[in-house]
Amino acid sequence: MLHINKIRENKDSYIALLKLKNIDATDLFDSVIAKDNERKATQQQSDELLAKGNQFAKQIGEMYKTGKVAEANLLKEESALIKEESKALQTKQIELEKEIQSILVQIPNIPHPSVPKGKSDLDNRILKEVGKIPNLMKGAKPHWELTTDYNLIDFALGNKITGAGFPVYIDKGARLQRALISYFLDKNTAAGYIEYLPPHLVNEASGFGTGQLPDKEGQMYHANEDNLYLIPTAEVPVTNFFRNVIVDKFPIMCTAYTPCFRREAGSYGKEVRGLNRLHQFDKVEIVQVQHPNKSYETLDLMVSHVASILDELELPYKILQLCGGDLSFTSAITFDFEVYSAGQERWLEVSSVSNFESYQANRLKLRYKDGNGKTQLCHTLNGSALALPRIYAALIENNQTAQGIKIPKALQPYTGFDIIK
RNA sequence: GGUGAGGUGGCCGAGUGGCUUAAGGCGCACGCUUGGAAAGCGUGUAAACGGGAAACUGUUUCGGGGGUUCGAAUCCCUUCCUCACCGCCA
């Protein structure tokens with residue numbers, strides 16, 4: 001959510017930048033500023049009345065003590081009038097605040113000036129392409145066949161006990177999954193991130209804090225009886241650690257492994273085949289809270305951190321800067337990582353690193369004190385480091401040989417084996 | 001799940017309708033003191049939203065929401081949470 005004062009200060013440049021997201025915010029901005037002016041005026045009136053009422057209450061107290069009952073009763077009558085009037089003003093104020101809020105939540109984050117123009121993923125800017133696309137042997141297979149051939153994952157078994165999109169990992173297949181989680185966490189903690197293991201269910205307030213609620217309610221699994229939501233990403237519990245917090249140190253670096261639960265209503269077809277899109281999957285997330293002056297420096301560090309992991313895993317990948325049209329509602333700038341999955345001859349998104357600037361922080365009320373002792377909004381950033389299933393798919397597809405599936409060196413200490421036969 | 005006790009500032013903790021502008025303590029910051037430090041003494045120490053160039057100032061907030069009253073941390077209703085004991089249980 002944008003802060004109303006920032007809209008006032010930067011209205012014209014915001015309107016220009018939002019065009020990158022193909023949005024004309026002129027009317028929204030005008031109406032929200034007008035409402036805010038009205039809100040201020042209303043508050044001023046209401047504050048004055050309340051101050052008067054407080055004065056009267058004190059005087060009445062004094063009068064009773066000194067026995068001036070008749071005078072007190074007169075003042076009481078006047079008080080009643082003030083009360084009525086101020087109540088009406090307060091109701092109006094709350095109403096206006098609601099209206100302002102409901103406009104503000106409709107306005108997406110302002111894109112960074114470097115964001116390319118564009119409508120869809122076709123307009124994303126390729127920044128870098130690293131590694132060679134492997135030349136697979138004849139008869140190379142997609143991962144959904146390999147996982148069956150080598151008994152790594154049983155999709156049908158998951159289907160039986162839960163439903164589609166809930167795979168069961170078996171034997172070396174399970175071990176590989178566990179190895180990846182440990183490996184990612186170790187890479188992240190070595191880079192200075194503190195490891196957390198948060199709850200996998202969150203309350204309603206947390207859903208609001210990171211913006212899943214109320215808009216994307218249908219994307220989350222909901223435990224009705226207790227009114228708790230299954231997390232769609234570790235970003236939700238971890239970012240909410242900082243809800244209503246005034247921090248005094250930068251940067252704050254967190255990493256967390258969690259399973260992620262997504263209903264993915266409306267998905268279908270080959271996009272969802274095998275591991276490509278699941279209802280439950282594992283992911284290791286990195287989150288940073290940073291001073292506004294440092295957040296873009298941090299963003300670069302996060303991008304190169306993710307790149308270094310993919311380098312070590314010897315996966316061919318490309319880094320894309322998302323165009324305005326593909327940018328998420330809350331992000332100011334996003335870099336996507338895609339790895340090449342040779343068995344299905346596709347690029348798969350495995351990480352998305354974003355700077356939200358103060359957009360999330362405003363909703364969360366995540367602040368720090370500046371040199372003058374004034375509270376200011378922090379910047380928040382997050383990224384996947386990394387999402388497991390598609391890394392898993394690319395790893396086994398790209399490393400399939402006549403002898404079996406080879407495990408990259410960096411992972412071998414974690415798997416305890418160097419080939420799956 | 002049952003019964004009981006609670007929720008007050010960064011923390012501890014007093015406060016049963018106006019004497020609270022939330023006592024007192026701890027912590028923190030600054031100053032005095034000191035050769036330096038500790039102790040001691042003094043001053044300051046929440047957030048949100050307004051007004052003001054600023055100094056300063058108004059309103060709201062004692063878990064959340066609602067109510068009674070001229071006036072609520074205090075009384076009433078409701079909801080959430082915490083703790084203790086019991087039951088169940090990895």
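Naming: A, B, ... by sequence-line order, numbering from 1 per chain.
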Enquirer: Select one nucleotide: of B/U60, B/G71, B/G50, the one nearest the side-chain heavy atoms of A/Arg39.
Expert: B/G50

Enquirer: Looking at A/Pro232, is its backbone amide N or carbonyl O close enough to the side chain of A/Arg262 to form a donor-acceptor pair, meaning the two atoms are under 3.5 Å apart?
Expert: yes

Enquirer: Given that both distances must come in under 3.5 Å, which nucleotide forms a Watson-Crick or G-U wobble pair with B/C75?
Expert: B/G67

Enquirer: Mind calculating the distance between CD (A/Glu78) and P (B/C70) to the nearest angstrom?
Expert: 14 Å

Enquirer: Just name whichever nucleotide pairs with B/U3, Watson-Crick or G-U, keeping both distances under 3.5 Å, else none.
Expert: B/A84

Enquirer: Among B/G51, B/A48, B/C49, which is the nearest nucleotide to the side chain of A/Arg367?
Expert: B/A48

Enquirer: So, taking the atom named CZ in A/Phe337 and the one named CG in A/Leu348, what distance separates them when rounded to the nearest 0.5 Å?
Expert: 15.0 Å

Enquirer: Classify the nucleic acid contact of A/Ile60 as base, sugar-phosphate or nothing, counting any heavy atom under 4.0 Å across all strands shown.
Expert: base

Enquirer: Would you mind reading off the distance between A/Asp248 atom CG and B/A29 atom P, rounded to a whole angstrom?
Expert: 12 Å

Enquirer: Which nucleotide wins on minimum distance to the side chain of A/Lys40, given the candidates B/U59, B/G71, B/G51?
Expert: B/G51

Enquirer: For A/Lys365, answer base if it contacts any base atom (sugar-phosphate contacts may also be present), sugar-phosphate if it contacts only those atoms, and nothing otherwise; contact means non-hydrogen atoms under 4.0 Å.
Expert: nothing

Enquirer: Any base atoms under 4.0 Å from A/Thr375, or only sugar-phosphate, or nothing? Heavy atoms, all strands.
Expert: sugar-phosphate

Enquirer: Could you tell me whether the side chain of A/Ser295 and the main chain of A/His291 form a donor-acceptor pair under 3.5 Å?
Expert: no

Enquirer: Can you tell me the base-pairing partner of B/G27? Count Watson-Crick or G-U wobble geometry only, both distances below 3.5 Å, and say none if there is no partner.
Expert: B/U45

